[in-house]
Amino acid sequence: MQWIQNQTTTGRISTIENGADPREPRQPGKWDIRSLLSNAEVVAALGSGLLMLVAWLTSQWSEPLSVVLYVISYAVGGWVKAKEGVETLLKERDLDVNLLMIAAAMGAAAIGYWNEGAMLIFIFALSGALESYTMERSRKDISSLMELQPETALRIEKGEMVSVSINKLEIGDLILVKPGELIPADGKIYRGSSSVNQASITGESVPVDKSVGDEVFTGTLNGEGVLYIEVTQSAESTLFAKIVRLVEEAENEVPESQRFIKRFESIYARVVVIATVALIVLATPVLGWDWDTTFYKAMVFLVVASPCALVSSIMPAMLSAISNRARKGVLFKGGAHIENMARTAVVAFDKTGTLTLGSPVVTDFIAGEGWDRHELLGISASIERMSKHPLALAIVQSAEKEGAPLQQVENGQSITGWGMQAEVAGVTWKIGKSDILEEGTGDPRSGAISDQDESLGAVQENRQHWLSIRNTLESEGKTVSVILKGDSIVGMIALQDAVRPQAAMAVKRLQQLGIKVAMLTGDRKATAEVIAKQSGVDMVFSDLLPEDKVTHIKDLRARYGHVVMVGDGVNDAPALATATVGIGMGVSGSGTALEVADAVLMNDNIDEIAGTVKVARKVQRIIKQNMIFAITVILTLIAANFIEGVALPLGVIGHEGSTILVILNGLRLLRSSR
């Protein structure tokens with residue numbers, strides 16, 4: 001114990017000395033002046049503005065020096081955008097907004113409007129830097145938890161601690177995690193108990209108490225207890241590894257609306273260039289303008305007609321929404337899926353592990369006449385302790401919860417396809433499927449005993465009584481096992497996969513949004529209908545094979561439109577791929593389901609699906625607002641330029657100001673709770 005205390009103290013001191021206590025919670029999405037000023041584009045833009053101001057002041061007494069300062073201001077503020085524009089022109093043989101803005105600034109300088117050109121460069125560079133910064137912050141909100149992954153772990157080898165890279169950890173290794181340290185691997189607690197802060201993985205704000213046998217995840221924060229953890233996942237298979245892959249996909253995925261805007265930008269930029277050249281060539285002979293007026297209005301047109309605000313209408317909002325959902329434990333692989341989520345008409349749930357917890361619990365324990373329920377439960381658990389079957393584990397857990405006394409058992413063995421057998425105090429006991437109650441079925445060992453078998457005389461006498469009880473339990477969607485002492489049935493156990501506590505509320509919230517909810521399951525009809533009644537779904541489809549789920553998803557899409565499928569198993573993968581948006585369960589889900597899914601519920605909280613639909617719909621509203629606003633500003637400034645005339649500084653402020661406003665409008669989603 002003294003050794004553990006010493007090691008714990010050492011771990012705490014090293015954490016503080018390194019200057020980064022992992023217990024300090026992150027504040028994702030929060031504006032930070034220091035991080036803003038550390039962005040190179042922001043610094044360049046501000047430097048450009050400062051040089052512009054100095055050049056303007058210098059012009060009062062030295063015109064040549066002011067021109068030199070303006071040139072430096074142009075270079076500092078416009079270098080990044082000019083580089084991007086030239087790369088687009090050379091590599092993609094295309095025009096973009098960057099070249100239009102640089103051309104307008106150079107044009108203004110050519111006719112002596114150095115300050116106006118510098119102002120254009122400054123505001124354009126600032127708006128571009130702001131957009132880059134906010135996109136970077138949005139991406140960081142998604143991937144920030146990756147920074148919490150420790151690089152090393154303390155592995156127990158022959159009774160000693162050895163610091164090893166987490167990549168060298170293997171399944172079955174025993175590691176030590178001290179209080180206040182980050183957990184370096186997915187595993188189960190072998191010894192010890194503590195509260196674990198899982199906010200980085202599941203989004204839960206309250207630490208969760210963990211004890212022997214409980215699962216823990218990489219990157220979560222150990223509380224005040226010492227934990228010995230048995231590694232259950234290799235480094236590349238942990239939740240962290242899954243998140244890394246998802247983030248990489250999210251950053252590369254572009255929504256259809258953004259792809260359209262990108263194509264539109266290319267065509268529109270060419271139109272603006274052609275219109276500007278035509279204006280320069282034709283304005284003097286057709287409209288009678290002098291050269292200075294013509295060129296000035298052409299430069300104003302080049303500025304105000306550029307689609308900067310339109311181009312910025314989508315991605316900042318989309319990335320903000322992805323960031324918003326990531327903080328709630330919903331990780332999207334890209335903006336395209338947010339876009340599709342907004343159109344959801346039906347949400348289809350798999351049953352096991354999705355609407356339910358995926359692990360059975362004892363719902364009814366019925367002792368036969370003359371038997372003490374507590375004693376019989378203890379005997380049943382004593383026998384089932386030798387099995388790893390989920391039903392057996394549920395019976396053991398029920399006995400432990402009720403404090404039922406366990407017995408010494410001998411000659412325990414599994415009866416393949418039926419259940420367990422063992423001796424307690426010299427008497428043979430069997431626990432297994434209730435199908436022995438059916439006419440024509442027999443001994444659990446062979447499955448071939450008839451009603452005439454004398455050894456089952458007691459079973460035959462009680463058959464109708466127990467059949468009636470079993471049928472009642474099975475009509476409630478429960479799995480029923482019988483308890484045999486020798487040849488007599490002395491009890492019955494009913495088990496059922498428990499519905500998730502938030503399932504009914506999750507379904508109700510979806511229905512309040514006008515979304516229909518379906519359940520697709522391979523379970524039999526009686527079980528499916530019970531779970532459907534408890535959760536409140538609108539449609540139930542049972543007895544389904546994986547290909548049947550695909551067929552139903554296709555039918556739902558044909559009838560209603562966009563369908564979201566939520567599942568966790570390998571058998572759900574085809575349906576997840578067929579749906580408009582597939583959502584996998586991050587904690588309980590299989591690797592195949594997570595690979596196929598378009599989004600992942602990292603904390604398995606299905607209640608967040610309705611909130612995600614609301615955020616997705618809000619994104620669409622914001623994008624529409626941005627696009628309408630951007631188009632209105634562009635048309636207004638173009639009209640004003642030709643009707644009354646617009647000063648270049650006002651054109652710059654109006655155009656670039658609208659760009660900044662649409663970016664800030666999109667960033668509202670970072671703060672949105674839903």
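- In this structure, the side chains of T580 and R557 come closer than 4.5 Å at one or more pairs of heavy atoms.
- Considering only heavy atoms from C-beta on, I183 stays 4.5 Å or farther from L221 through its side chain.
- Panel note: side chain N222, backbone V196; no donor-acceptor pair is recorded below 3.5 Å.
- For I515, the side chain to side chain contact (heavy atoms under 4.5 Å, CB included) criterion is met by T344, V347, L510, L513, V613, R617, not counting sequence neighbours.
- We find the NZ-OG distance between K168 and S163 to be 10.0 Å, quoted to the nearest 0.5 Å.
- Across every non-hydrogen atom of A579 and M565, the tightest pair is CB-CB, 3.5 Å.
- The side chain to side chain donor-acceptor pair (under 3.5 Å) test applied to S658 returns no partner, not counting sequence neighbours.
- Of the inter-residue distances, the one linking T218 atom OG1 with I166 atom CD1 reads 7.0 Å to the nearest 0.5 angstrom.
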For this session: Output, in order, the C-alpha distance, side-chain angles, deciding distance and verdict of side-chain contact (heavy atoms from CB on, under 4.5 Å) for I638 and F301.
Result: CA-CA 6 Å; I638 289 174; F301 173 77; 4.1 Å; yes
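- In this structure W291 satisfies the ring-ring contact (aromatic ring centres under 6.0 Å, His included) test together with F295, sequence neighbours excluded.
- For the pair V177 and P184, the minimum side-chain heavy-atom distance is below 4.5 Å.
- Heavy-atom minimum distance, L637 versus G654: CD1-C, 3.9 Å.
- For Y70, the side chain to side chain donor-acceptor pair (under 3.5 Å) criterion is met by N115, not counting sequence neighbours.
- Remark: side-chain polar atoms of S73 are paired, donor with acceptor, to backbone N or O of S48 under 3.5 angstrom.
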Problem set entry | Worked verdict on V76 versus L51 for side-chain contact (heavy atoms from CB on, under 4.5 Å) | CA-CA 9 Å; V76 171; L51 284 167; 4.0 Å; yes
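- Under the rule for a side chain to side chain contact (heavy atoms under 4.5 Å, CB included), the partners of L661 that lie at least two apart in sequence or sit in another chain are F629.
- Applying the side chain to side chain donor-acceptor pair (under 3.5 Å) rule to pairs touching residues 626-643 yields N626-N665, sequence neighbours excluded.
- Atoms OG and CD1, on S313 and I622 in that order, are 11.5 Å from each other to the nearest 0.5 Å.
- For the atom pair L601 CG and K328 NZ, the distance stands at 13.5 Å (nearest 0.5 Å).
- Side chain of R509 to backbone of D607: a donor-acceptor contact under 3.5 angstrom is found.
- Under the 3.5 Å distance criterion, the side-chain polar atoms of R668 are left unmatched by any main-chain donor or acceptor of A317.
- Proximity of M318 to I623: side-chain heavy atoms (C-beta onward) are separated by under 4.5 Å at one or more points.
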Exercise. After noting the C-alpha distance and the side-chain angles of Y74 and V71, does the key distance pass the side-chain contact (heavy atoms from CB on, under 4.5 Å) rule?
Worked result: CA-CA 5 Å; Y74 278 45; V71 170; 5.6 Å; no
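- Residue K297 holds its NZ atom at 13.5 Å from OG1 of T276, rounded to the nearest 0.5 Å.
- One distance of note links CE of M299 with CG of L279; it measures 8.5 Å at 0.5 Å rounding.
- At a threshold of 4.5 Å between non-hydrogen side-chain atoms, the residues W56 and L69 do not count as touching.
- V281 is linked by a side chain to side chain contact (heavy atoms under 4.5 Å, CB included) to V277, counting only residues two or more places apart in sequence or in another chain.
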For this session: Evaluate the side-chain contact (heavy atoms from CB on, under 4.5 Å) criterion for residues I338 and I322: first the C-alpha distance (whole Å), next the side-chain angles of each, then the deciding distance (0.1 Å), finally the verdict.
Result: CA-CA 8 Å; I338 286 273; I322 292 176; 4.0 Å; yes
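- Applying the side chain to side chain donor-acceptor pair (under 3.5 Å) criterion to R621, with sequence neighbours excluded, gives no partner residue.
- When every heavy atom of F217 is checked against every heavy atom of T220, the shortest pair comes out as O-OG1, 2.6 Å.
- In this view, V581 and N340, M341, V564, I583, D598 satisfy the side chain to side chain contact (heavy atoms under 4.5 Å, CB included) rule, not counting sequence neighbours.
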